[in-house]
Amino acid sequence: MEKTVPRFTRPYDEAALDAAVRDRGAAILSAAYSTEQCDTFLSQVRAHLAENPEEAEYAANSVLGGFQGDTTSTLHGLVGVIPAAPDMVLQKDLVGCARRVLSPLSDTILLTIAEYMAREPGAFRQELHCDTFSWRHVPAGENPVALTVMAAMDDFTAANGATWVVLDSHGGPPTAPAPDWSEAVQAEMSKGDALLFRADLFHAGGANTTESDVRQIFSMGFQVAWLRQVENGTLSVPPAKAAELQPELQELLGYSHELVLGLYKGGHPRNALKNV
C-alpha cells in the first residue's frame, strides 16, 4: 500500500476524505485554516501566557506535561481562554468528517480536547502509540470511537518533528505491539494544514532536531458521545458545594481521571476546586 498520507485540497471531496480516514487511518486537509487564523490564534496564545505565566508552570507539572516532556509547552482548555479557539474547533470540514466517520457508533460527538502545543528544539521522538490507550477496554473494530486533529500553526517539517503515522495500523487493540518504525511516515505540512487521523492509529510526535524552529500545534479530538456518565456530576453539583465533599464523593462525581481521561488543564480535575 502507498505510504504517503492521503492529501486533500479545497473543495474537499467528502466521500474520499471519509474513506481515507476510515480505511487508511489518516488524511491531510490542505489549508484547513488560513494564515490569518493561525497568526491570530498564536498571538492570542502568546498574550494569554504572558498575562498568566502560572498557566505554563501548571501545564509543565501536569499529567500531560509529564508525557510531553520539558521540551514541549502546552496550554489546555482553549475554548474558555483563547477567543479564536471556538471557530478553530468548529472548522466545518474537520467537524463534518468527524460526525460522519463516527456516526456508525454514535449519533452525537464530543470534543475530547483542545490544546496548544509547542515542541521546541531538542524535543524527543515519542514512541509509537495510540490515543485510545486510555479506552483500551473498549472493543476495537472497523469503526473508530475517536479521531485526533493535529493542525500546523507553523510548517511541519521532517527536521522540526512532523508527526509520524503508520497508515493501516488501526482497528486493533491499543495494547498491541507497536509497528516497526520502517512502516511509519512523517506528515509534513504547510502552515494551516490539518492532519486528521483515527485515534486508534499508531503515531508519534517527531524529534525536533533544529536549532531554533519551534513546531506550534493546535490539537483537538472528537469522540463518540456515549463514553461518559449518565448524569453530569460536575455540572449538577455547584463547584462550591463539591469542594466541601469528601474526596471519594468528588471522585464519583467526576473530579477524577483515568490515565489521561478527565483532566483539567492537563492535570487533576480536583485542582479546579481549590479556589472556589
Checklist entry - In terms of ring plane angle, is the pair His203 and Phe197 parallel, tilted or perpendicular, where the classes change at 30° and 60°? => result tilted
Next on the checklist: In the structure I gave you, are the side-chain heavy atoms of Leu195 and Met189 within less than 4.5 Å of one another anywhere?
Outcome noted: yes
Next on the checklist: Whether the side chain of Ser169 engages the backbone of Leu201 through a donor-acceptor N/O pair (distance < 3.5 Å, no angle test) should be reported.
Outcome noted: no
Checklist entry - Within the distance-only criterion (no hydrogens, no angle test), does the side chain of Ser236 pair as donor or acceptor with the backbone N or O of Asn232 below 3.5 angstrom? => result yes
Checklist entry - Checking His129 side chain against Glu127 main chain: does a donor-acceptor pair fall under 3.5 Å? => result yes
Item to check | Residue pairs, two or more places apart or on separate chains, that pass salt bridge (charged side-chain N to carboxylate O under 4.0 Å, His left out) and touch residues 140-150 | outcome: none
Next on the checklist: Which residues pass the side chain to side chain donor-acceptor pair (under 3.5 Å) test with Thr108, not counting sequence neighbours?
Outcome noted: none
Checklist entry - Any donor and acceptor pair, going by atom type alone, linking the side chain of His268 with main-chain N or O of Leu263 inside 3.5 Å? => result no
Next on the checklist: Please check: side-chain N/O of Gln91 versus main-chain N/O of Ala32, any donor-acceptor pairing under 3.5 Å?
Outcome noted: yes
Checklist entry - Any ring pair (Phe, Tyr, Trp, His ring centres under 6.0 Å) pairs touching residues 97-117, not counting sequence neighbours? => result none
Checklist entry - Hey, does the side chain of Gln37 reach the backbone of Ser34 with a donor-acceptor pair shorter than 3.5 angstrom? => result yes
Item to check | Residues that Arg100 engages under salt bridge (charged side-chain N to carboxylate O under 4.0 Å, His left out), provided they are two or more places apart | outcome: Glu14, Asp18
Next on the checklist: Apply the hydrophobic cluster definition, ILVMFWY joined by side-chain contacts under 4.5 Å directly or through others, and give me every member besides Leu110.
Outcome noted: none
Checklist outcome for this item: Hits for salt bridge (charged side-chain N to carboxylate O under 4.0 Å, His left out) against Asp155, two or more places apart or cross-chain, chain-then-number order -> none
Checklist entry - Backbone N or O of Thr163 within a donor-acceptor pair of the Gln186 side chain at under 3.5 Å? => result no
Next on the checklist: What I want to find out is whether Asp193 reaches Arg7 closely enough, with some N-O distance under 4.0 Å, to be called a salt bridge.
Outcome noted: yes
Checklist outcome for this item: Nearest heavy-atom approach of Phe222 to Val89 is CZ-O, 4.0 Å
Next on the checklist: Among residues at least two apart in sequence or on other chains, which ones pass salt bridge (charged side-chain N to carboxylate O under 4.0 Å, His left out) with Glu55?
Outcome noted: Lys265
Item to check | Considering all heavy atoms, the nearest Trp226-Leu105 contact | outcome: NE1-O, 2.6 Å
Next on the checklist: Once side-chain contact (heavy atoms from CB on, under 4.5 Å) is applied, do any residues pair with Ala85, and if so which ones, sequence neighbours excluded?
Outcome noted: Leu78, Ile82
Checklist entry - Under 3.5 Å, is there a donor-acceptor pair between the side chain of Ser106 and the main chain of Leu102? => result no
Checklist entry - Side chains of Arg136 and Thr175: donor-acceptor distance under 3.5 Å anywhere? => result no
Next on the checklist: Can you confirm whether Lys191 sits close enough to Met153 that some side-chain heavy atom of one is under 4.5 Å from a side-chain heavy atom of the other?
Outcome noted: no
Checklist entry - To the nearest 0.5 Å, what is the distance between CZ (Arg99) and CD1 (Ile109)? => result 4.5 Å
Checklist entry - Tracing side-chain links under 4.5 Å among I, L, V, M, F, W and Y, which residues wind up in one group with Val166? => result Leu128, Trp164, Trp181, Phe202
Checklist entry - Would you say the side-chain atoms of Asp213 pair up with the backbone N or O of Pro121, donor to acceptor, closer than 3.5 Å? => result no
Checklist entry - Counting distance only, does the side-chain N/O of Arg215 pair as donor-acceptor with the main-chain N or O of Gly161 below 3.5 Å? => result yes
Item to check | Passing candidate, side-chain contact (heavy atoms from CB on, under 4.5 Å) with Thr148, options Asp131, Asp200, Thr112 | outcome: Asp131
Checklist outcome for this item: With sequence neighbours left out, the residues meeting salt bridge (charged side-chain N to carboxylate O under 4.0 Å, His left out) with Asp154 are none
Report all side-chain donor-acceptor pairs from residues 20-31 shorter than 3.5 Å, counting only partners two or more places apart or in another chain.
| unit_1 | atom_1 | unit_2 | atom_2 | d |
| --- | --- | --- | --- | --- |
| Arg24 | NE | Asp168 | OD1 | 2.7 |
| Arg24 | NE | Asp168 | OD2 | 3.2 |
| Arg24 | NH1 | Glu2 | O | 3.4 |
| Arg24 | NH2 | Glu2 | O | 2.7 |
| Arg24 | NH2 | Asp168 | OD2 | 2.9 |
| Ser30 | OG | Phe8 | O | 3.4 |

Checklist entry - Any salt bridge (charged side-chain N to carboxylate O under 4.0 Å, His left out) pairs touching residues 81-96, not counting sequence neighbours? => result Arg10-Asp93
